[in-house]
Novice: 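Dropping the structure in here first, questions after.
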Amino acid sequence: MKIEKLNVEHSNYIKEHYPISHLCAKVLSAADMEDKEIQELLSIPKLSDPFSAKGMKEVADRIYQAKIQKEKVLVCGDYDADGICSTAILVDALRKYGVTCGFYIPNRFKEGYGLHVDTVHMAYEKGYRLLITVDNGVKAFDALKEAKRLGIEVIITDHHAMEEELDCLYLLHPFHMGDAFSTLSGAGVALEISRALLPEIKEHVVLACVAAIADVMELRKETRAIVKLGIQYLKQGVCKPIQMLAKDRYPQWDEVLIAYQIVPKLNVIGRLADMANANNAVRYLLLTDYEEIQKVSHQITDLNEKRKKMSDAMVETAKSLIHDEYPFQLLFHDSFHEGIVGLVAGKLAQERNQPVMIAAKAENGFKGSIRSMGLLDLTTFFDGCKEELSSYGGHKAAAGIGFSFDKKQEVQDYVNKKMEGITFENELCYKVIPILENEITQKEVESLSMLAPFGNGFEEPLFLLENLKVTSPKRMGNGKHLKWVLNDAIDIVYFNCEKEAQYLSSASSLSFIANLRINSFMGRKKINIFVAEAF
């Protein structure tokens with residue numbers, strides 16, 4: 001473990017110029033933000049004019065034409081949380097706008113990601129002459145070619161990396177829409193279309209907020225405003241289908257609750273495509289009947305519990321296959337489930353701080369998922385062996401990959417050769433803000449919420465508390481977790497520390513790297529120090 005103490009020397013300047021607390025000023029100083037960035041961070045969230053996005057007028061005009069001419073429009077989505085939310089937003093917006101609209105999300109296992117030639121044929125046979133993709137489309141070269149041959153127009157809305165020009169009617173993409181929109185997820189783009197057609201619909205903002213957190217989008221510019229507003233609306237009780245997925249009776253809505261309670265439940269329907277249909281997730285998000293929402297939400301929660309058990313088993317199997325000498329782990333096993341490979345790859349990549357690919361056996365070859373922890377740029381890493389791959393796509397830190405059974409050795413050889421001479425520092429480095437015990441007051445910790453939401457581009461701050469006097473902690477969760485009571489107002493909680501528990505339990509003073517949060521229970525507030533490391 002390495003510790004880098006962040007520079008907070010500008011905190012006094014920041015506190016003098018902005019109406020914020022001592023602790024907030026330290027956080028902003030540590031983040032090394034310019035005045036313009038601080039102003040954006042602290043400002044009241046306000047969404048941009050959707051028509052200031054390049055390409056929006058043309059898209060809105062074409063949708064208006066479809067409305068006037070009574071054309072049928074098909075929204076073509078994706079099976080992850082962003083794709084499901086994107087589809088629900090655009091379908092609801094089009095229907096409210098007066099457009100006859102259907103939607104289709106492909107089966108993850110049988111069809112795979114993106115717009116397919118078969119989908120184009122299906123749409124043509126059902127009388128659709130305008131397709132709009134959401135959260136996909138930039139790789140749909142064959143489908144676009146077939147659509148053009150059949151006389152079907154296609155509007156692509158996507159946020160994934162593009163490799164070449166697309167032969168479509170219009171392209172609406174954050175890379176081209178303008179700087180304010182550059183951080184949008186797929187659902188963020190769908191939200192802008194909704195706002196161009198109709199007055200703001202709060203439910204759509206909530207869905208775009210959930211999608212941005214699900215896709216770990218950078219929380220700056222328009223996306224920051226979407227997430228801040230979305231959380232505000234959730235606190236108002238907006239969007240019952242999302243509300244019902246929270247297991248708390250009175251959920252304390254924030255980005256953490258969304259990431260851990262909502263996103264997995266939306267993702268599970270697409271992940272377990274052999275047990276559920278992602279199109280039903282869109283139908284769920286469009287429900288308005290309370291009893292029906294309640295019934296389906298329980299079904300989704302039960303499916304997610306099943307997924308958790310499957311994930312835990314896969315993680316243990318994957319760990320048994322690891323070879324420490326390789327800086328990039330390529331792990332294959334007959335028992336791996338295709339829909340969960342990304343979760344397991346992410347967990348192991350985070351634990352080991354190295355790139356990991358988990359590959360499952362599919363009908364025609366291996367289907368895998370890669371997580372790189374930002375150590376490698378996955379948009380370009382496999383450029384030298386694309387001919388060996390049947391599918392590939394994603395972001396810098398996460399990608400999906402497919403290749404036939406007979407290409408396994410070639411892919412392994414390519415990765416091993418490419419990684420020659422590349423090593424990663426497996427020792428975690430914590431970037432921390434040093435503070436003293438007397439700085440931890442309820443008012444100061446509560447003030448940190450004004451900097452929220454935290455996430456990609458502005459992570460929740462880690463604080464360093466050195467040499468705190470502690471008394472014997474209470475063991476929780478069958479000895480897996482520890483809890484110290486620092487005083488009447490402060491608890492220190494360290495989850496999953498079973499290996500260190502004996503040493504930590506006997507220490508009279510400890511240093512902690514931790515997040516600071518307020519815990520409210522039965523009307524009483526306490527400060528919780530959530531520990532990442534104790535030593």
Side-chain angles (χ1 to χ4, degrees), residues 3-54 159 174-185 188 191-192 195 200 205 208-209 212-213 215-233 235 254-256 374 396 429-436 439-464 513-518:
I3 296 174
E4 179 186 339
K5 295 182 180 180
L6 297 172
N7 188 341
V8 294
E9 65 181 20
H10 297 301
S11 60
N12 288 334
Y13 165 84
I14 292 170
K15 195 170 185 312
E16 286 171 11
H17 287 76
Y18 299 97
I20 58 174
S21 71
H22 168 75
L23 220 49
C24 285
K26 279 195 167 186
V27 172
L28 293 177
S29 176
D32 197 23
M33 286 189 169
E34 304 280 339
D35 279 326
K36 184 180 177 182
E37 294 173 298
I38 294 174
Q39 288 161 13
E40 179 192 316
L41 190 80
L42 299 176
S43 64
I44 295 170
K46 183 183 177 185
L47 298 176
S48 304
D49 175 4
F51 284 105
S52 67
K54 186 179 177 183
H159 72 120
F175 292 2
H176 301 304
M177 290 167 71
D179 184 62
F181 305 96
S182 61
T183 61
L184 289 178
S185 70
L191 173 66
E192 301 303 337
R195 294 177 56 243
E200 182 188 290
V205 178
C209 159
I213 292 168
D215 255 26
V216 199
M217 303 309 298
E218 200 172 349
L219 292 186
R220 296 187 306 114
K221 304 177 183 176
E222 189 82 345
T223 296
R224 183 166 193 83
I226 288 169
V227 173
K228 284 183 86 167
L229 281 173
I231 291 171
Q232 281 182 25
Y233 295 157
K235 288 176 178 177
D254 61 17
E255 63 276 19
V256 177
K396 285 186 175 182
C429 179
Y430 290 101
K431 296 183 178 183
V432 299
I433 301 168
I435 57 171
L436 302 173
E439 295 178 78
I440 308 173
T441 66
Q442 185 175 311
K443 185 178 179 182
E444 285 287 332
V445 176
E446 281 185 326
S447 75
L448 293 173
S449 65
M450 75 182 296
L451 303 181
F454 299 108
N456 183 7
F458 186 55
E459 284 75 18
E460 184 177 9
L462 278 171
F463 297 96
L464 173 64
I513 295 171
N515 302 120
L516 302 179
R517 298 177 197 152
I518 297 291

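Every heavy atom of this structure was used, including side-chain atoms; hydrogens, water molecules and symmetry mates were not.
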Novice: Could you tell me whether the side chain of S11 and the main chain of K26 form a donor-acceptor pair under 3.5 Å?
Specialist: no
Novice: Checking H17 now: which residues fulfil ring-ring contact (aromatic ring centres under 6.0 Å, His included) with it, not counting sequence neighbours?
Specialist: Y13
Novice: Could you pull out all residues at least two apart from D179 that satisfy side-chain contact (heavy atoms from CB on, under 4.5 Å)?
Specialist: S182, K221
Novice: Would you indicate whether the side-chain heavy atoms of E439 and F463 approach each other to under 4.5 Å?
Specialist: no
Novice: What pairs meet the side-chain hydrogen bond (donor to acceptor under 3.5 Å, both in side chains) rule with one or both residues in residues 37-49, with sequence neighbours excluded?
Specialist: S48-E222
Novice: Are E34 and K36 close enough for a salt bridge, meaning some N to O gap below 4.0 Å?
Specialist: no
Novice: Is the shortest distance from a Lys or Arg side-chain nitrogen in K443 or E446 to a carboxylate oxygen in the other one below 4.0 Å?
Specialist: no
Novice: ring-ring contact (aromatic ring centres under 6.0 Å, His included) with Y233: which residues, sequence neighbours excluded?
Specialist: none
Novice: Could I get the full list of salt bridge (Lys or Arg N to Asp or Glu O under 4.0 Å) partners for E200, not counting sequence neighbours?
Specialist: none
Novice: Hey, are the side chains of K431 and E459 touching, using non-hydrogen atoms and a 4.5 Å cut-off?
Specialist: no
Novice: Name all residues meeting the ring-ring contact (aromatic ring centres under 6.0 Å, His included) criterion together with Y18; count only those two or more places apart in sequence or in a different chain, and write none if there are none.
Specialist: none
Novice: Find out whether L516 and L23 are in side-chain contact, i.e. whether some heavy atom of one side chain is under 4.5 Å from a heavy atom of the other.
Specialist: yes
Novice: Around atom CG of L436, are there more than 12 heavy atoms from other residues, nucleotides or ligands closer than 6.0 Å?
Specialist: yes
Novice: Going by heavy atoms in the side chains, are P50 and F181 under 4.5 Å from each other?
Specialist: no
Novice: Considering all heavy atoms of both residues, which atom of C24 and which atom of M450 are nearest to each other, and what is their separation?
Specialist: SG-CG, 3.9 Å
Novice: Quickly, which of N515, V27, L448 forms a side chain to side chain contact (heavy atoms under 4.5 Å, CB included) with E460? Name it, please.
Specialist: N515
Novice: Between the main-chain N or O of E9 and the side-chain N or O of N7, is there a donor-acceptor pair closer than 3.5 Å?
Specialist: yes
Novice: State the CD-CD1 distance between E444 and I435, to the nearest 0.5 angstrom.
Specialist: 9.5 Å
Novice: State the CD1-NZ distance between I231 and K235, to the nearest 0.5 angstrom.
Specialist: 7.0 Å
Novice: How long is the straight-line distance from NE2 of H22 back to OG1 of T441, given to the nearest 0.5 Å?
Specialist: 9.5 Å
Novice: Hey, could you give me the CG/CE distance between L184 and M177, rounded to the nearest 0.5 Å?
Specialist: 5.5 Å
Novice: Are any of the side-chain heavy atoms of Y430 and L464 separated by less than 4.5 Å?
Specialist: no
Novice: Rounded to the nearest 0.5 Å, what separates atom CG in L229 from atom CG in L47?
Specialist: 5.0 Å
Novice: Kindly give the heavy-atom pair with the smallest separation between A30 and V8, and that separation in Å.
Specialist: CB-CG1, 4.1 Å
Novice: Taking the side chain as C-beta and beyond, is there a heavy-atom pair between I213 and V227 under 4.5 Å?
Specialist: yes
Novice: Check whether any side-chain N or O of T223 sits under 3.5 Å from a backbone N or O of T183 as a donor-acceptor pair, and report yes or no.
Specialist: yes
Novice: If you look at every heavy atom in G457 and E218, which pair is closest and at what distance?
Specialist: CA-CG, 4.2 Å
Novice: Would you give the length of the straight line joining atom NE2 of H10 to atom CG of L28, rounded to the nearest 0.5 angstrom?
Specialist: 12.5 Å
Novice: Determine whether V432 and E4 make a side-chain contact, defined as any pair of heavy atoms from C-beta on separated by less than 4.5 Å.
Specialist: no
Novice: Heavy atoms, side chains only, cut-off 4.5 Å: are L191 and R195 in contact?
Specialist: yes
Novice: Between S447 and S21, what is the shortest heavy-atom contact and its length?
Specialist: OG-OG, 2.6 Å
Novice: Kindly say whether P453 contributes a backbone atom to a donor-acceptor pair with the side chain of R224 at under 3.5 angstrom?
Specialist: yes
